[in-house]
Amino acid sequence: MKNFAARLITWHRHHGRHDLPWQQSRDPYRVWLSEIMLQQTQVATVIPYYQRFLARFPTLAELAAAPVEDVMALWSGLGYYARARNLHACARAVVVDHGGAFPHDPAAIAELPGIGRSTANAIAAFCFGARAPILDGNVKRVFARCFGIEGFPGTPAVEREMWHQAEALMPARQGGDYIQAQMDLGATVCTRGRPRCEACPLAEICVARQAGRQAELPVAKPRKALPEREAIVLLLCHEGRVLLEQRPPSGIWGGLLSLPELPAGADPEEYAQQVFGCEAGDWEELPGLVHTFTHFRLHLTPLRTRVRLLAQTREGGARWLDFSQLDDAPLPAPIRRILAGAQEAG
DNA sequence: AAGTCGGGGAC
DNA sequence: GTCCCAGACTT
């Protein structure tokens, strides 16, 4: 489709977003950091995290030199914590394998931890002027509508078709403006619900608009019923402190600190004593909460008790933290909420 | 090809 | 409440 890129680039000059915090620089470090944070995460959510992160780690070298725990703490609440681990690993790989500077070749960038084809291409196009297209949620939505592409874009077949389109449409020049234009159009005009077609530079050539099928394209993900899971978490309190344990590196909340989770069917009294060396007092059930993940719904029930310490905990990853230390701890969002409520309740 | 991985904005 | 977001990675 000729004119596709030209329409977008022209539109972007006057109607694109130009003031986002990571757009003030072509420093690959800042571009890369923003791209990772923005994976499956909206701009408004990312901005405060991005500012905090950059203030703590102004350069890639400082990030690479830091302990991964500090990175996790700054990521706490942002979700998809494998991104933070990969970010740290990537910084070290750039230092160790590439002399501290990102490679310019998109394929080489995509070899780095946490960087896939789309993110690698974005970095290469923004920072090095590469003719390398992206394919994110915005582009998929624009393509599906503009070209009338049927089928859920998450399937490999549809994705292959869209990558082919993306490669063919990518202009030789102004690549950075072009991919920024695609994302801006998807975020501000070709939105999921109620797209503003009257303001769209592609309106004349858009298949969905001509057919009045904006609401049907892109085809929605086929949904299954969410499985329900339940978990009991323990607040073992002792002299103003609470026991937290580190989660396994992979799985939900990988690598974060969390409240100890009672194994299914276990007795809290015995578990506290045998695993953590704590003699429990009276148990108090705190208000529970429901947290919905992408693929299941978790019902969390907190049980609180004051304990007497009998022995050293047998859990290597377990730590006593003062309630005043929780702000800086790498906690999952729902656990942070539970702890905040528990503190208020005394 | 399907499943795993968070949290919140927008509706 | 539901849907999905500047996706990557594992199985």
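Residue contacts for A:Leu20: at a heavy-atom cut-off of 4.0 Å it reaches a base atom on one of the strands shown. Counting any heavy atom pair closer than 4.0 Å across all strands shown, A:Val43 reaches a base atom. When heavy atoms are screened at a 4.0 angstrom cut-off, A:Trp32 is found touching no nucleic acid atom at all.
Counting only residues at least two apart or in different chains, salt bridge (charged side-chain N to carboxylate O under 4.0 Å, His left out) contacts with residues 190-209 of chain A comprise A:Arg7-A:Glu204.
For A:Tyr50, there are no side-chain hydrogen bond (donor to acceptor under 3.5 Å, both in side chains) partners, not counting sequence neighbours. By the side-chain hydrogen bond (donor to acceptor under 3.5 Å, both in side chains) test, A:Asn138 is found to be paired with A:Arg141, residues two or more places apart in sequence or in another chain being considered. For A:Glu167, the side-chain hydrogen bond (donor to acceptor under 3.5 Å, both in side chains) partners two or more places apart in sequence, or in a different chain, are A:Arg117. For A:Thr292, the side-chain hydrogen bond (donor to acceptor under 3.5 Å, both in side chains) test picks out A:Arg297, with sequence neighbours left out.
Remark: the A:Gln23 side chain and the A:Asp19 side chain contain no N/O donor-acceptor pair separated by less than 3.5 Å. No side-chain N or O of A:Gln42 forms a donor-acceptor pair with one of A:Thr45 less than 3.5 Å apart.
For A:His12 and A:His18, the ring centers are positioned less than 6.0 Å apart. The ring of A:Phe53 has its center no closer than 6.0 angstrom to the ring center of A:Tyr49.
When hydrophobic residues (I, L, V, M, F, W, Y) are linked wherever their side-chain heavy atoms come within less than 4.5 Å, the members clustered with A:Leu262 are A:Ile232, A:Leu234, A:Leu236, A:Leu243, A:Tyr271, A:Val275, A:Phe276, A:Trp283, A:Leu303, A:Val307, A:Leu309, A:Trp320. Its side chain outside the 4.5 Å cluster rule for every partner, A:Val290 clusters with none of the Ile, Leu, Val, Met, Phe, Trp and Tyr residues.
B:dT4 sits 24 Å from C:dA6 when the P atoms are compared, rounded to a whole Å. If you take atom P in C:dT10 and the same atom in B:dG6, they sit 14 Å apart, rounded to whole Å.
Distance CD1 (A:Ile47) to P (C:dA6): 12 Å, rounded to an integer number of Å. Taking atom CZ of residue A:Arg223 and atom C1' of nucleotide C:dC3, one finds them 6 Å apart after rounding to whole Å. Distance, A:Leu226 CG to C:dT2 C1': 10 Å, rounded to whole Å. A:Ile109 has its CD1 atom 16 Å from the C1' atom of C:dA8, to the nearest Å. Between the CD atom of A:Glu216 and the C1' atom of C:dC3 there is a distance of 17 Å, rounded to whole Å.
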Result block: side-chain N/O donor-acceptor pairs under 3.5 angstrom for residues 92-112 of chain A, not counting sequence neighbours:
| residue | atom | partner | partner atom | Å |
| --- | --- | --- | --- | --- |
| A:Arg92 | NE | A:Ala64 | O | 2.7 |
| A:Arg92 | NH2 | A:Ala64 | O | 3.2 |
| A:Arg92 | NH2 | A:Ala66 | O | 3.1 |
| A:Asp105 | OD1 | A:Ala107 | N | 3.3 |

Output a table of nitrogen or oxygen pairs between the protein and nucleotides 9-11 of chain C separated by less than 3.5 Å.
| residue | atom | partner | partner atom | Å |
| --- | --- | --- | --- | --- |
| C:dC9 | OP1 | A:Gly114 | N | 2.4 |

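Taking the six-membered ring where the residue is Trp, A:Trp32 and A:Tyr29 present tilted rings, their angle falling between 30° and 60°.
Here the side chain of A:Thr119 pairs no donor or acceptor atom with the backbone of A:Glu35 at under 3.5 angstrom.
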In B/S/- notation (B base, S sugar-phosphate only, - none; protein heavy atoms under 4.0 Å), nucleotides 4-11 of chain B written 5' to 3' is SBBBBB--

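Sorted by residue number, the list of members of residues 134-142 of chain A with any non-hydrogen atom under 4.0 Å from DNA chain B is empty. DNA chain C is contacted by A:Gln180, A:Met183 of residues 178-189 of chain A, taking any non-hydrogen atom closer than 4.0 Å.
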